[in-house]
Amino acid sequence: MKKILITGGAGFIGSHVVRRFVKKYPNYQIYNLDALTYAGNLENISDIEKEANYTFVKGDITDEVFINQLFQDHQFEGVIHLAAESHVDRSIEDPLSFVKTNVFGTMILLNAAKNQWKDNYEGKRFYHVSTDEVYGSLGATGLFTETTAYDPNSPYSASKASSDHFVRAYGETYGLPYVITNCSNNYGPNHFPEKLIPLFINNIIQNKPLPVYGDGNYTRDWLFVKDHAVAIDLVFHEGRNHQTYNIGGFNEWKNIDLVKVLCRIMDDKLGRAPGTSLELITYVKDRPGHDLRYAIDANKINTELGWTPSVTFEQGLAITIDWYLKNTDWLDHVTSGDYEKYYEKMYS
């Protein structure tokens, strides 16, 4: 059986990737490596935990001895690297932890793969999952392409940009077979409620304020997480070595417009009077280094691999809201303890 290591597979995007690979490829043995920090939750993948081709491994990608032993024990033929610290607000509070996980952790994985595969790169692949934030901020027009110069503006995006560069360097210096994808904002089921959409869904349920940064005109491109998992599957199997593919939803929204749509749908789902949730919108002090606009040109992956989003934003948002309303126990579990303390610190 082909052995594939997926890092961060108990997190939001990672859990959807792990589920897809376990179910679609019974001839693969999928190893899910996750440190189970605040955003890693085994409940995200409880439906596949007993599958014969699935193995969970608890561990930290920054533990060099552990990672080297893991590679030696299992002789992985592919790595899909999603494990990362990913929240910009947290990176502003604690930038060094982002450097440790996103840069140092990626380096340890690269070294382990290089050392194991050095005698035979045939059939091997290191897939690094990155973000559109490495490109910095766009003005009112234009799109990020695979050749857009890097211009990160937050500790988070700087750490991801650095890890991207190291992956490319290992390809050029050692011949390591790699692919990189830079993706726009994801949304969907199992998203830890610190990012905008799940945070606001949970707050509307709880009748809590909806904290909108600045004037709310920051613009993002949104992609349904299951469509991202399909794209990762395609790039891993069919993408060209030493290539970058941008993955976007062709779906730009200003934050305030998105919040208003979310409020309207939530009022309808909860049986509340129209406009009820709009009253929860609260404008808060902007965060430092806040990028104005992200927008992805995903024509390369569309042209080369035939990938395109399968749902509209309204369809994906309705699916997402329904999932949270049906999984209130999951929400209760992840919104206790340290998360509550962090929420008060960031948004009170």
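This is a predicted model, so every value here is computed, not measured. Worth knowing before you read on, the calculation uses all heavy atoms, side chains too, and leaves out hydrogens, waters and symmetry mates.
Ring geometry for Tyr218 against His290 counts as parallel: the plane angle stays under 30°, on a 0 to 90° scale with 60° as the upper cut. Note: Phe76 and Tyr31 have perpendicular aromatic rings, judged against thresholds of 30 and 60 degrees for the angle between ring planes.
Although no hydrogens or angles enter the test, the distance criterion places no donor-acceptor pair under 3.5 Å between the side chain of Asp221 and the main chain of Gly248.
A salt bridge links Glu304 with Arg240; the closest basic N to acidic carboxylate O contact falls under 4.0 Å. Under a 4.0 Å N-O distance rule, the pair Asp291/Arg220 does not qualify as a salt bridge.
The other members of the hydrophobic cluster of Leu138, by chain and number, are Val134, Tyr135, Phe144, Tyr150, Tyr294, Ile296 (side-chain heavy atoms under 4.5 Å, ILVMFWY only). In this structure, Val65 shares a hydrophobic cluster with no other residue, the cluster being traced through Ile, Leu, Val, Met, Phe, Trp and Tyr side chains under 4.5 angstrom apart. Residues Val88, Ile92, Phe98 make up the rest of the hydrophobic cluster containing Tyr156, defined by ILVMFWY side-chain heavy atoms closer than 4.5 Å, directly or through other members.
With sequence neighbours excluded, the residues forming a ring-ring contact (aromatic ring centres under 6.0 Å, His included) with Trp253 are Phe313, listed by chain and number. For Tyr174, the side chain to side chain contact (heavy atoms under 4.5 Å, CB included) partners two or more places apart in sequence, or in a different chain, are Lys114, Tyr121, Tyr170. For the side-chain hydrogen bond (donor to acceptor under 3.5 Å, both in side chains) test, no residue two or more places apart in sequence or in another chain qualifies with Thr173. The side chain to side chain contact (heavy atoms under 4.5 Å, CB included) search around Asp268 returns none, not counting sequence neighbours. Among residues two or more places apart in sequence or in another chain, the ring-ring contact (aromatic ring centres under 6.0 Å, His included) test is passed with Phe250 by none. Remark: Phe104 engages no residue in a ring-ring contact (aromatic ring centres under 6.0 Å, His included) (not counting sequence neighbours). Remark: His16 engages no residue in a side-chain hydrogen bond (donor to acceptor under 3.5 Å, both in side chains) (not counting sequence neighbours). Listed by chain and residue number, Asp94 satisfy the side chain to side chain contact (heavy atoms under 4.5 Å, CB included) test with Ser97 (two or more places apart in sequence, or in another chain). Judged as a side-chain hydrogen bond (donor to acceptor under 3.5 Å, both in side chains), and not counting sequence neighbours, the contacts of Thr312 are Gln315.
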